[in-house]
Novice: 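Got a structure for you, questions after.
Because the structure is predicted, anything quoted here is derived from the model rather than measured. All ligand and atom numbering here is 1-based and tracks the order in the structure.
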Amino acid sequence: MHFELNEEQKEIKRAAREFCEKELTPELALEFDEKEEFPMELYKKAAKLGFTSMRIPQEYGGQGYGLLGDCIVVEEMCRVDPGIGVALSLGNLMIPDILLRRGTEEQKKKYIPPLARGDIISAAAFSEPEHGSDITRMDTTAAKSGNEWIINGSKEFITNAPIADVFIILCQTAPDAKPSHRGQSLLLVEKGTPGLEVTKLKGKMGIRPCITGSLSLSDVKVSEINIVGELNKGFYYALELFDGTRVTVAAQAVGMAQGALERALRYAKERKQFGSPIIQFQGVSFKLAEMATKIEAARLLAYKAAWLHDQRGEADPMATAMAKAYTGRVAMEVTDAAIQVYGGYGYLADYHVERFHRCAKITEIYEGTTEIQNLTILRYLMKQT
Ligand SMILES: Cc1cc2nc3c(=O)[nH]c(=O)nc-3n(C[C@H](O)[C@H](O)[C@H](O)COP(=O)(O)OP(=O)(O)OC[C@H]3O[C@@H](n4cnc5c(N)ncnc54)[C@H](O)[C@@H]3O)c2cc1C
């Protein structure tokens, strides 16, 4: 692996940076953080320029730059604003990735190009009120009746749910399967299907422009062609999926940390106390040096996981888990240190770094908590000994 981006990747980074710095203004960031709404207009603009479909192959309307290309853009988005950045990075989450690996040609053609263009929004529903880290059993069931599946149950914490046009839902299709995870399948459900109700969740700590909702499914009927891949393989497909998508979360974390560092560095050069800029005090300057070092290490782990994914055509679960766990912690530590550099002003919304800290926390929680990443790392460590 080269430890420097190539010319094409540097150009992607430059273009993404230019777009984000122009469009994700501080005013917009504060406005969307407060109103907890998805920045749809901006999303469509970003999609039109290809920034939301970097990882999607050109054949399906994307840019074909792989996961590393996606990470470079996501990092820039979250560097400029962690809330809007996350929202933009997750508008077409997971459905293209899973369909590319497991979907029929018909499913790919129907859903991936409009998702790549930003014409529609997707959501992926695994978590339930009683099943978060442990999705080995789902209370949401899908029962076969003729050539339809009838879905009943509920899902919690679903990104994009209130604005999604299409959902992919993990259901228990064989309730008596032992172990239970061998009886799960993934089904596509479109917005407006009778029996599907969405409730918007409000009051999140951070990433407030990336909206979240709960699903209630009551006798939701879908055709048998809506099943993705093989029947009863859904759990395995979910694990395979997360091994790739978690790398994007690592890129979100790196971007948030980088944005906070740059703000803190600027402020430390400007702010004077005891007659000199506070960067002259070693208590401040060493903090900045440590922040930069941690970010560099985190970035390398994230890029390595993305690069391995792109080279092999499938993720390296241990590299992904290490990247996600480490970058999330670094994002929390660096954004916290940035607030400290700002002193009292860091505690105020108008100075922005508190928002970076609030947003960073999600990277240690969604798409598998840090503890769950550690379990994966350990599982692979055990295999090595
Ligand atoms: C803003 C947001 C967006 C989300 N988006 C989505 C989405 O789009 N789709 C979706 O399906 N889900 C989504 N989620 C859900 C998210 O993936 C879960 O919250 C997460 O997986 C943890 O599940 P839980 O909240 O039920 O916590 P729990 O599983 O109840 O865990 C509670 C604590 O126990 C720890 N723990 C659990 N098991 C173990 C273990 N074996 N060993 C050690 N520690 C353990 C956890 O690490 C955690 O610290 C989202 C969540 C949030 C907050």
Novice: Between Phe126 and ligand 1, is there a nitrogen or oxygen pair with a distance under 3.5 Å?
Specialist: yes
Novice: Under 4.0 Å from atom 30 (O) of ligand 1, is there at least one protein heavy atom?
Specialist: no
Novice: Among Ile168, Asp97, Ile112, Leu115, whose side chain to side chain contact (heavy atoms under 4.5 Å, CB included) with Ser122 holds?
Specialist: Leu115
Novice: Looking at Ile158, which atoms of ligand 1 are within less than 4.0 Å of one of its heavy atoms?
Specialist: 7 (C), 8 (O), 9 (N), 10 (C), 11 (O)
Novice: Identify the closest protein heavy atom to atom 16 (C) of ligand 1: which residue and atom is it, and at what distance?
Specialist: Ser127 OG, 3.8 Å
Novice: Please round to the nearest 0.5 Å and tell me the distance separating atom CZ of Arg299 and atom CD of Glu75.
Specialist: 4.5 Å
Novice: Would you call the rings of Tyr351 and Tyr345 parallel, tilted or perpendicular if under 30° counts as parallel and over 60° as perpendicular?
Specialist: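 Tilted, since the angle between the ring planes falls between 30° and 60°.
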Novice: Distance below 4.0 Å between atom 4 (C) of ligand 1 and any protein heavy atom?
Specialist: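 Protein heavy atoms within 4.0 Å of atom 4 (C) of ligand 1 - there is at least one.
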Novice: Distance from Cys171 atom SG to Glu128 atom CD, nearest 0.5 Å?
Specialist: 8.5 Å
Novice: Please determine if Lys287 and Glu290 form a salt bridge, counting it only when a charged side-chain N lies under 4.0 Å from a carboxylate O.
Specialist: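 No salt bridge links Lys287 with Glu290.
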Novice: Only heavy atoms of Ile365, strictly under 4.0 Å: list the atoms of ligand 1 that pass.
Specialist: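 Per the distance check, 20 (C).
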Novice: How does Glu367 reach ligand 1, by side chain, by backbone, by both or by neither, if only non-hydrogen atoms under 4.0 Å count?
Specialist: backbone
Novice: I'd like to check which ligand 1 atoms, numbered from 1 as shown, lie under 4.0 Å from a non-hydrogen atom of Ile362.
Specialist: 1 (C), 2 (C), 52 (C), 53 (C)
Novice: Can you name the atoms of ligand 1, numbered from 1 with element, that are less than 4.0 Å from a heavy atom of Lys204?
Specialist: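 Under 4.0 Å from Lys204, ligand 1 has these atoms: 1 (C).
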Novice: Determine, for Phe32 and Lys35, whether the Lys NZ or Arg CZ falls below 6.0 Å from the six-membered ring centre while staying within 45 degrees of the axis.
Specialist: yes
Novice: With a cutoff of 4.0 Å, is Ile135 in contact with ligand 1, counting heavy atoms of the residue only?
Specialist: no
Novice: Arg182 versus Phe235: any side-chain heavy-atom pair under 4.5 Å?
Specialist: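 Contact flag for Arg182/Phe235 side chains = no.
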Novice: Under 4.0 Å from ligand 1, counting heavy atoms only, is it the side chain of Thr370, its backbone, both or neither?
Specialist: neither
Novice: Please tell me if the side chains of Asn152 and Leu217 come closer than 4.5 Å, counting only heavy atoms from C-beta onward.
Specialist: no
Novice: Tell me the contacting part of Thr369 for ligand 1: side chain, backbone, both, or neither, using a 4.0 Å heavy-atom threshold, strictly below.
Specialist: side chain
